[in-house]
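For reference, the structure is listed below as structure tokens.
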Amino acid sequence: MRYEMVREIFNECANNQMRDVFFEEVDIDDTDAYVRRFCTGGDVKCEKSVFPDGSVVYDLDSDGLLSRITFTEA
């Protein structure tokens, strides 16, 4: 299936509310397997949300680095 993937990396530094945002189109069958490649580190938490419109959102905490990966059907 073809998805538009948006990956946001949140910056926790004081007085800096910017974030890195990456856009990409991907052809994948399993979003869970694809997201696992971003789950690096010793303490990783991953929360998945599926919405009625078919979009899938993963909120990741990899050793304190917070990010969000959103898949929407392209």
Side-chain angles (χ1 to χ4, degrees):
M1 180 169 283
R2 181 175 285 286
Y3 292 97
E4 178 184 71
M5 182 189 77
V6 179
R7 182 173 183 226
E8 302 170 83
I9 302 171
F10 300 100
N11 187 335
E12 295 288 323
C13 296
N15 297 322
N16 186 349
Q17 301 303 313
M18 299 300 292
R19 64 178 100 174
D20 294 322
V21 181
F22 304 93
F23 297 88
E24 184 178 347
E25 279 199 19
V26 293
D27 275 320
I28 53 175
D29 294 322
D30 185 354
T31 57
D32 291 343
Y34 191 83
V35 167
R36 274 189 223 110
R37 68 185 228 170
F38 297 103
C39 296
T40 59
D43 184 21
V44 178
K45 297 175 186 76
C46 179
E47 185 176 312
K48 177 182 177 180
S49 302
V50 180
F51 295 92
D53 67 355
S55 61
V56 182
V57 176
Y58 295 85
D59 288 303
L60 304 173
D61 181 347
S62 298
D63 290 331
L65 177 65
L66 303 177
S67 61
R68 175 175 293 140
I69 300 174
T70 304
F71 294 94
T72 54
E73 293 183 23

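In what follows, residues are counted from 1 in the order of the sequence shown.
- Heavy-atom minimum distance, Thr40 versus Asp63: O-OD2, 4.5 Å.
- The two atoms that bring Met1 and Asp29 nearest to each other are N-OD1, 3.6 Å, heavy atoms only.
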Which side-chain N or O atoms in residues 51-60 pair as donor and acceptor under 3.5 Å with protein atoms at least two apart or in another chain?
residue	atom	partner	partner atom	Å
Asp53	OD1	Ser55	N	2.9
Asp53	OD1	Ser55	OG	2.7
Tyr58	OH	Thr31	OG1	2.6
Tyr58	OH	Asp32	N	3.2
Tyr58	OH	Asp32	OD1	2.4
Asp59	OD1	Arg68	NE	2.7
Asp59	OD1	Arg68	NH2	3.1

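- One distance of note links CD of Glu4 with CZ of Phe71; it measures 11.0 Å at 0.5 Å rounding.
- Residues Val35 and Ile28 fall within the same hydrophobic cluster, defined by Ile, Leu, Val, Met, Phe, Trp and Tyr side chains chained together at heavy-atom separations under 4.5 Å.
- Residues Tyr34 and Tyr3 are not in side-chain contact: their nearest non-hydrogen atoms beyond the backbone lie 4.5 Å or more apart.
- The minimum heavy-atom distance between Ser62 and Cys39, with the atom names listed, is OG-CA, 4.2 Å.
- Counting heavy-atom neighbours within 6.0 Å of Glu24 CD, excluding the residue itself, gives a total above 12.
- Residues passing the side-chain hydrogen bond (donor to acceptor under 3.5 Å, both in side chains) test with Arg2, sequence neighbours excluded: Glu25, Asp27.
- Side-chain heavy atoms closer than 4.5 Å link hydrophobic residues (I, L, V, M, F, W, Y) into clusters, and following such links, possibly through other members, connects Leu65 to Phe22.
- Under the 4.5 Å side-chain heavy-atom criterion for grouping Ile, Leu, Val, Met, Phe, Trp and Tyr, Ile69 is connected to Val26 within one hydrophobic cluster.
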